[in-house]
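Each remark here refers to the structure printed beneath this line.
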Amino acid sequence: MGARLPGVRSTDRIVAHADMDCFYASCERLREPALEGEPLVVGMGYESGETNGAVATASYEARAFGVESAQAITEALSKLPRKRDAAIDPDLDIEKSGFYRPVDMAFYESVSEEVREILHTHAETVREVSIDEAYLDITEQTTWNEVEEFVHEIKDRIHEEVGVIASIGVAPNMSTAKIASDAEKPDGLVVVHPEEIREFLAPVLIEELHGVGPVTARTLRERGIETAGDLVEADRHALVSEFGERGADLYDRARGKDDRAVTPKGVPKSLSRESAFAEPTTDMEEIETRVLTLAEAVAERATRKDALYRTIGIKIVTPPFDVNTRARSLSGPVDDPALVKRVVRDLLTEFEGERVRKVGVRVSNLEFGAAAQSNLDGWAGTGGSTSEPDEAVEKLPTDKPNDRSGQISLSEFE
Ligand code: DCP
Ligand code: MG
């Protein structure tokens, strides 16, 4: 920890790259826990009568059969028949079959949002790059000595609160961090310290380097270049004359040189905190104390991020995994910790007498950077801190991933 001294090189960064493991498949497992540990393919075109379609992703169990992203679905089905077909076809081996599910982007987006929210909690600078991938500049949040523990905490929170698994790589720059996040998938955590960069990159195959497609890889191979280590030895001029700017980039990336700053992209849509009890409890005082502590933490974080919220909600998890969410929308965006506490206390009364396993507080409908303006505008007069919130209590649809209510039985191989 500690402030950076002036004059520190701009390249002296701690960058993390997080990428979820078999993301769509992990999402499907959230609402169908029976798919856990099974070969699972997410894609389109596998229903009978269909022939067109591709694999979006495959669980690691399905990858063991040779199924992979972007493969034609017919090829996937030949490597790994559908379980329901194997169950009735004596020529197929049920042990060598798998489950197929269609793509449901809206659901994956909602899970992605929960992951992003956690990432935004841990790093001030987050660059969201795809539905399951982001870079974090954590230079100000940790040190090289503590970074492994720091990243462990992020991984644990994503696992516990969202239910998917992130592989995370840490390095002094973006391109190496990305390679590190991939290096020990699934469930990887690889930290490449600045002095280890060359050694770490040396055996990395050229295909793993950003910007190296099959054509470039073939050309490099023809020159006897197979790994990043070989690239380090290569002649820079030759690379530039062969590949132009890209050749220069390759030469740099292979020796762990990448000065790009992590520029932020994406803001969280909500801010929340959750906390589980060691044992489920019915003690309302204990529950309320915990909820109020979370409310304080969430409101404090919103203030720190210069975020105003229009919706305040709680999440109450009763054993085994029943997720109940309640929220109240205000007539205008506020930054008002006392109001957050009042609303959550009020929402909690409905759960008097319930056995509670876990509680959470969330503010959403966020607006950023408007704090100063809102003070001037005097939201207080139009529904902010001095007025009561609207009475409309929404029951939010579901709190998706942990909501097991949509669980489908696999007993009939469907
Ligand atoms: N995706 C897709 N079509 C592709 C590649 C990916 O629809 N050709 C979707 C499905 C993936 C998601 O994007 O779940 C994320 O892509 P990744 O490349 O990160 O792949 P996974 O997360 O599935 O697997 P991994 O564990 O290798 O990261
Ligand atoms: Mg992924």
Side-chain angles (χ1 to χ4, degrees), residues 15-32 35-46 50 52-77 79-80 98-119 126-136 151 154-155 157-159 162-171 174-190 204-205 207-214 217 265-266 400-401:
V15 178
H17 179 259
D19 187 304
M20 305 310 121
D21 296 336
C22 55
F23 185 58
Y24 294 3
S26 302
C27 292
E28 291 300 333
R29 285 169 166 169
L30 290 173
R31 49 184 180 184
E32 250 182 285
L35 292 171
E36 202 62 56
E38 298 284 347
L40 169 63
V41 179
V42 179
M44 291 298 185
Y46 55 82
E50 295 176 325
N52 272 330
V55 173
T57 196
S59 72
Y60 281 78
E61 295 82 356
R63 291 179 199 192
F65 290 88
V67 181
E68 57 187 31
S69 288
Q71 199 167 56
I73 203 84
T74 45
E75 193 183 344
L77 284 165
K79 290 177 188 282
L80 180 72
F99 295 91
Y100 282 70
R101 291 292 177 271
V103 173
D104 178 356
M105 286 312 296
F107 178 56
Y108 310 149
E109 282 291 350
S110 72
V111 178
S112 172
E113 181 52 35
E114 302 206 0
V115 173
R116 287 168 185 189
E117 197 191 306
I118 292 174
L119 298 179
V126 177
R127 180 170 187 80
E128 300 169 359
V129 274
S130 78
I131 192 165
D132 84 328
E133 199 189 337
Y135 290 94
L136 284 64
V151 170
I154 301 179
K155 272 172 68 77
R157 273 197 66 194
I158 293 173
H159 188 210
V162 187
V164 299
I165 297 190
S167 285
I168 304 189
V170 180
M174 292 170 73
S175 65
T176 313
K178 184 169 166 70
I179 294 169
S181 76
D182 207 40
E184 284 181 15
K185 255 179 183 292
D187 201 10
L189 198 186
V190 173
V204 169
L205 294 175
E207 285 87 351
E208 306 280 315
L209 298 176
H210 183 72
V212 179
K265 184 156 175 251
K400 298 112 348 202

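Please read these numbers as outputs of a predicted model, since none were measured by experiment. Both ligands and their constituent atoms are indexed starting at 1 by order of listing. Just so you know, residue 1 is the first one in the sequence shown, and it goes up from there.
- Each of the atoms 14 (O), 21 (P), 22 (O), 23 (O) of ligand 1 lies under 4.0 Å from some heavy atom of Phe23.
- Here the side chains of Tyr46 and Pro102 are in contact, with some heavy-atom distance below 4.5 Å.
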Trace of the side-chain contact (heavy atoms from CB on, under 4.5 Å) decision for Arg116 with Val126: CA-CA 9 Å; Arg116 287 168 185 189; Val126 177; over 6 Å; no
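- Within the protein, the N, O or S atoms sitting under 2.8 Å from the Mg ion (ligand 2) are Asp19 OD1, Met20 O, Asp132 OD2.
- Distances from atom 27 (O) of ligand 1 to the protein include at least one heavy-atom value under 4.0 Å.
- Checking side-chain atoms of Thr57 against main-chain N and O of Ser69 turns up no donor-acceptor pair under 3.5 Å.
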Chi angles and distances behind the side-chain contact (heavy atoms from CB on, under 4.5 Å) call for Ile165, Met20: CA-CA 6 Å; Ile165 297 190; Met20 305 310 121; over 6 Å; no
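- The distance from ligand 1 to the heavy atoms of Tyr60 drops below 4.0 Å at these ligand atoms: 25 (P), 26 (O), 27 (O).
- Side-chain contact annotation: Asp19 with Ser167, donor-acceptor N/O pair under 3.5 Å absent.
- No donor-acceptor pair closer than 3.5 Å links the side chain of Ser26 to the backbone N or O of Val164.
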Derivation and outcome, side chain to side chain donor-acceptor pair (under 3.5 Å), residues Ser59 and Arg63: CA-CA 6 Å; Ser59 72; Arg63 291 179 199 192; over 6 Å; no
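- The closest protein non-hydrogen atom to atom 14 (O) of ligand 1 is Tyr24 N, 3.1 Å.
- The closest approach between any non-hydrogen atom of Glu133 and ligand 1 is not below 4.0 Å.
- The shortest N or O to N or O distance between Cys22 and ligand 1 is under 3.5 Å.
- Set against the non-hydrogen atoms of Thr57, the atoms of ligand 1 under 4.0 Å away are 10 (C), 11 (C), 14 (O), 21 (P), 23 (O).
- Side-chain atoms of Lys178 do not come within 3.5 Å of backbone N or O of Ala16 as any donor-acceptor pair.
- Side-chain contact annotation: Tyr135 with Glu128, donor-acceptor N/O pair under 3.5 Å absent.
- Using a distance-only test at 3.5 Å, with no hydrogens or angles considered, no donor-acceptor pair links the side chain of Arg127 to the main chain of Lys265.
- Nearest protein heavy-atom contact of atom 17 (P) of ligand 1 is Asp132 OD2, 4.0 Å.
- Residue Met20 places at least one N or O, backbone or side chain, under 3.5 Å from an N or O of ligand 1.
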Test log, rule salt bridge (Lys or Arg N to Asp or Glu O under 4.0 Å), inputs Asp104 and Arg31: CA-CA 12 Å; Asp104 178 356; Arg31 49 184 180 184; 3.0 Å; yes
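- One option in Pro186, Ala70, Ala25 has a heavy atom closer to atom 8 (N) of ligand 1 than any other, and that option is Ala70.
- Among Ser167, Ala166, Ala56, the residue whose heavy atom lies nearest to atom 3 (N) of ligand 1 is Ala56.
- Ligand 1 has an N or O atom lying under 3.5 Å from an N or O atom of Arg63, backbone or side chain.
- For Ser181 (side chain) and Gly169 (main-chain N/O), no donor-acceptor pair under 3.5 Å exists by modelled atom type.
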